[in-house]
Amino acid sequence: MLDQRLLRDDPELIIRQLRRRGLEPDLAGLQRIALQARDLEEERSRLQAEGNRIGKAVGERIRGGAQADGPEVAELREQGNRIKQRVALLEEEEKGLEQTLRDGLLELPNLPSEQTPEGRNETDNIEVRRWGEPRLPQAGESLEEHWQIAERLGLVDTERSVRIAQSRFITLLGQGARLERALISFMLDRHSAAGYREVLPPILVNTASLTGSGQLPKFAEESFRCAEDDLWLTPTAEVPLTSLHRDEVLAAEQLPLRYTAYTPCFRREAGSYGRDTRGLIRLHQFNKVELYWFCRPEESDAAHEQLTRDAEGVLEALELPYRRIELCSGDLGFSAARTYDLEVWLAGAGTYREISSCSTCGDFQARRAAIRCREGKKTRLLHTLNGSGLAIGRTMAALLEHGQQADGSVLLPAALVPYFGSDRLVAQD
RNA sequence: GGAGAGGUGGCCGAGUGGUCGAAGGCGCAGCACUGGAAAUGCUGUAUAGGGGCAACUCUAUCGAGGGUUCGAAUCCCUCCCUCUCCGCCA
């Protein structure tokens, strides 16, 4: 959420920055409401102060010996009643304005960082760096896509997944299930060793949690909802992790707080019909290990780089070629001020594919979720950052395509052997 | 699901209509004492919003929302949450 003071004082700045996202917001109405609410508050609190004075005066008179129902007190009572009525009126109006204002502000996305490059859409994103050699088919060699390998080796069962749930759900079997579990453990161990605190949060979250991290109110159609319970299936661990400290004031000395969490993630993928219909790339339910930082505002730039490096470290340990993309202003997510996407090389598909998205949100989520830090005597909003470290299904896809061998087996990176118990996947019954 | 208890400041805990943003304690910070520390003493120590260059000041907040009253942490109503016991259950 944006600062309503900024809206009052300099709406042009907001418009200028949101224009970079390709938006053309009309903030005049919202600004007027913000100013009105402020003026109303001034008048109301002035009246309340007067009412308080009268209340005290009554107490003093009575203690001073005046009759509680005498004329002197009655006059004050009358005054008090008039003020009370007026205050009630103003309060109601003020409350309405503030609700409208908040609703409006909750709909506005974060402002892009100064450092975020200009651009309209994903074609304007900027490649920052590459790591590793993309595997290309040798002469006479044809590389399979991961879903072909997975089906052939019996790692997944697509048809039965539809029977159990519906399309865009997957069932992993045997080595496939084991590999998924190995990847989760591997990543959590790695991040824990790097100082992240491991969290296993609820994956049903309430509306306040989704609002805090920015999924609501705007993107309700993207999440699965348990209508009877004010609970939603979390679309990413970013949601419960943000709310881990919702409505808290953290001591500056304990920052940064860094968390890593494995959760299943649930997304409706509305509007993606026909895209990535096969395999592990786009599912309603997928596993992800998330990285999350709460830090002081001054630290967030360095934190963003470090968090991204921590995600890249997983890819490097798994010997998977990738590139880092910086998203342009027009391609940023709702809550993000600045984002690096990591794209892993899918050797069979012959393309780079997003496997992690590492964002700094500035104080945008902190304001929504009321997360502050105490700095000396003052408190102020802190900064939050999140990133995948990594999406498990897509990691498995990349491993299958990257490690496929002429004999049909798949060679796994050495780092996984202790977790998976073998250095390769072979055909199973 | 049944029965009961309870939600007050960073924590514990007092407060049942009036000057209470709230005693006392703990914790924390500063100062004094000390060679240094402990102990001790003194002082300070909530959040949000508004106004002000600032000192400061106004308002609200004792789970949430409504009500009674000139005045509510305190009385009334509704809701939420937590805890304990029983039942059920991985």
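Every heavy atom of this structure was used, including side-chain atoms; hydrogens, water molecules and symmetry mates were not. Protein chains get the first letters and strands the later ones, always in sequence-line order, with residue 1 at the start of each.
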Atom CD1 of A:Ile54 to atom C1' of B:rC70: distance rounded to whole Å? 8 Å
Can a side chain N or O of A:Lys84 be found less than 4.0 Å away from OP1 or OP2 on B:rU68? no
Yes or no on side-chain hydrogen bond (donor to acceptor under 3.5 Å, both in side chains) for A:Arg102 and A:Gln99, after CA distance, side-chain angles and deciding distance? CA-CA 5 Å; A:Arg102 183 175 164 81; A:Gln99 189 58 51; over 6 Å; no
Ring centres under 6.0 Å, that's the criterion: do A:Phe219 and A:Phe334 meet it? yes
Measure the distance from CD on A:Gln48 to C1' on B:rU59 and round it to the nearest whole Å. 6 Å
In whole angstrom, give the distance that lies between atom CZ of A:Arg61 and atom C1' of B:rG71. 14 Å
Strictly under 6.0 Å, is that where the ring centroids of A:His245 and A:Phe294 end up? yes
Both A:Lys95 and A:Ala49 contact RNA chain B. Which one's nearest nucleotide lies toward the 5' end? A:Ala49
To the nearest Å, how far apart are A:Leu47 CG and B:rG71 C1'? 16 Å
Considering just the side-chain nitrogens and oxygens of A:Asn52, establish if one lies under 4.0 Å of OP1 or OP2 belonging to B:rU59. yes
Round to a whole Å and report the spacing from CD of A:Glu91 to C1' of B:rU61. 12 Å
Without decimals, in angstroms, what is the distance between A:Leu76 CG and B:rU69 P? 17 Å
Compute both the distance and the angle, then confirm whether A:Arg324 meets the cation-pi test with A:Tyr340: under 6.0 Å from the six-membered ring centre, within 45 degrees of the axis. yes
Do A:His284 and A:Phe224 have ring centroids that are under 6.0 Å from one another? yes
Is the A:Phe186 to A:Tyr419 ring centre distance short of 6.0 Å? yes
Starting from P on B:rG10, measure out to CG on A:Asp247 and report it in whole angstrom. 13 Å
Reading nucleotides 45-56 of chain B 5' to 3', which nucleotides get B (base under 4.0 Å from a protein heavy atom), which S (sugar-phosphate only), which -? -SSSBSS-----
